[in-house]
There are 2 protein chains.
Amino acid sequence: MNARERLVESARALLWERGYVGTSPKTIQQRADAGQGSMYHHFAGKEDLAEAAIRRTAGELRAAADALLSGPGTAIDRVTAYLRRERDVLRGCPIGRLTQDPDVMVTPALRAPLEETFGWLRARLAAVVREGVDRGELRPTLDPAATAAAIVATLQGGYVLARAAGTTEPFDQAVGGILALLGAHTVRPRPKEGH
Amino acid sequence: MNARERLVESARALLWERGYVGTSPKTIQQRADAGQGSMYHHFAGKEDLAEAAIRRTAGELRAAADALLSGPGTAIDRVTAYLRRERDVLRGCPIGRLTQDPDVMVTPALRAPLEETFGWLRARLAAVVREGVDRGELRPTLDPAATAAAIVATLQGGYVLARAAGTTEPFDQAVGGILALLGAHTVRPRPKEGH
DNA sequence: GTCTATATCACGATAGAC
DNA sequence: GTCTATCGTGATATAGAC
């Protein structure tokens, strides 16, 4: 792995752990085992390196989500697979967390990937819900866009609750909660609804 | 308003806007129109002042939530009132955002109020859901804790999506989405379920 | 490409006068 | 209580040698 590559990976890890305001070029360099000269040769500065790091992370996140949401099974199966996939819950979402970073939000080049990523994700989930409705798996009263937003929000909020609690428990509860609510909107095999 | 008070209010605003790592004592002093000597007279340092600010914000948040959740109406009415109350959506949650701050998370005195606040909020919402079930307003299949976690998570995640999008739209969609899902779990007047 | 030296400024806090 | 002076450290970057 060359220096440029190491710098991007180092920046990705630190942006995830500490955000943009909380990360200094020096720290990035040390973790990458690269000198200052090296970093400023490959990148115009902190912002430029951060942009490369964020774009790569966003790309990976999108690919991982797409793989599960395009998988086999019913709409609910796929949403469940996506929500329940293995996650580093206590570390939070590497993209969602940047949404709270003041310097990221005022820098268009850094903010753009966040907007694109969540825009894409909400649209992708809405499409899955719409498919479910079209196939007769989900009730037609479900608003795909609103349902998709609620699902993504539960995920992002689940991270917040887990970090606040210091445990993954509230994350798992939130995911279980929304899936239970969604499950009742299933058309055919409404499992054990009490009555 | 005396200097001490101005410092706490200044810190509250800046912690909301920029987080703990993104806020310097100097900035707090300038906004409070107070000198360094003044700040270090009233507080032991940045951390001490931040703790006072966070605790006050957490207290207000809790009071506001309790007022709505203890109000009149059915369980769904109260949850709806809470979720739909006026909010500065694009500014995000002043407590939830601190969950992404690396220095807050490793400082017990600063982290504790977050844990307490969300712990209380989840329990309070779970109690409302439980009441709804007991009163026959909500289906007994609903798990109060899981449902409560999903509701709070939707709120916190809604902020994330709104900030990423630069619009309040996804927040409103997420809230509408979860309320629609929850509405179908209403016992009596199941409105227009299609079939 | 990578290194070291240097520059400028901000951070977070302390000291002691008033 | 509030002020100014000062301290040591780190942030972010540039310059120029190798």
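In this text the structure is predicted, and so the values were computed from the model without any measurement. Per chain, numbering begins at 1; letters A, B, ... match sequence-line order. Below, all heavy atoms of this structure are taken into account, side chains as well, without hydrogens, waters or symmetry copies.
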Q | Nearest-neighbour nucleotide for the B/Ser38 side chain, D/dA13, D/dT2, C/dC11 considered | A | D/dT2
Q.
Could you tell me how far apart A/Ile28 (CD1) and D/dG10 (P) are, to the nearest whole angstrom?
A. 17 Å
Q | Main-chain N/O of B/Gly73 paired to B/Asp77 side chain as donor or acceptor, under 3.5 Å | A | no
Distances under 3.5 Å only, N/O to N/O: pair up the protein atoms with those of nucleotides 15-18 of chain D.
none

Q) Is B/Val187 reachable from B/Val129 through a run of I, L, V, M, F, W or Y residues, each pair having side-chain heavy atoms under 4.5 Å apart? A) no
Q) Rounded to whole angstrom units, what separation is found between the CG atom of B/Asp48 and the P atom of C/dG12? A) 15 Å
Q: Would you mind reading off the distance between B/Met39 atom CE and C/dT14 atom P, rounded to a whole angstrom?
A: 10 Å
**Q.** Rounded distance in Å - CD (B/Gln29) to P (D/dG1)
**A.** 18 Å
Q | Option from A/Arg97, A/Arg31, A/Arg12 for which salt bridge (Lys or Arg N to Asp or Glu O under 4.0 Å) with A/Glu17 holds | A | A/Arg31
Q: Please figure out whether A/His41 or A/Gln36 has its closest DNA chain C nucleotide nearer the 5' end.
A: A/His41
Q. Can you tell me if A/Tyr159 and A/Arg91 form a side-chain donor-acceptor pair at under 3.5 Å?
A. no
Q: Would you mind reading off the distance between B/Tyr40 atom OH and C/dC11 atom C1', rounded to a whole angstrom?
A: 9 Å
Q.
Donor-acceptor pair, distance only, cut-off 3.5 Å: does the side chain of A/Thr107 make one with the backbone of A/Asp103?
A. yes
Q: Measure the spacing between CG of A/Asp101 and CG of A/Leu15 and express it to the nearest 0.5 Å.
A: 8.0 Å
**Q.** Spacing of A/Lys26 atom NZ relative to C/dT4 atom P, expressed in whole Å
**A.** 12 Å
**Q.** Nearest-angstrom distance from the residue atom CZ of B/Arg18 to P of C/dA10
**A.** 14 Å
(Q) Of the listed nucleotides (D/dT12, D/dG1, C/dG12), which one gets closest to any side-chain atom of B/His42? (A) D/dG1
(Q) For B/Tyr40, does the six-membered ring have the charged nitrogen or CZ of B/Lys46 within the cation-pi criterion, i.e. under 6.0 angstrom from the centroid and within 45° of the normal? (A) no
Q.
From CD of A/Gln30 over to C1' of D/dT12, roughly how many Å is that when rounded to an integer?
A. 14 Å
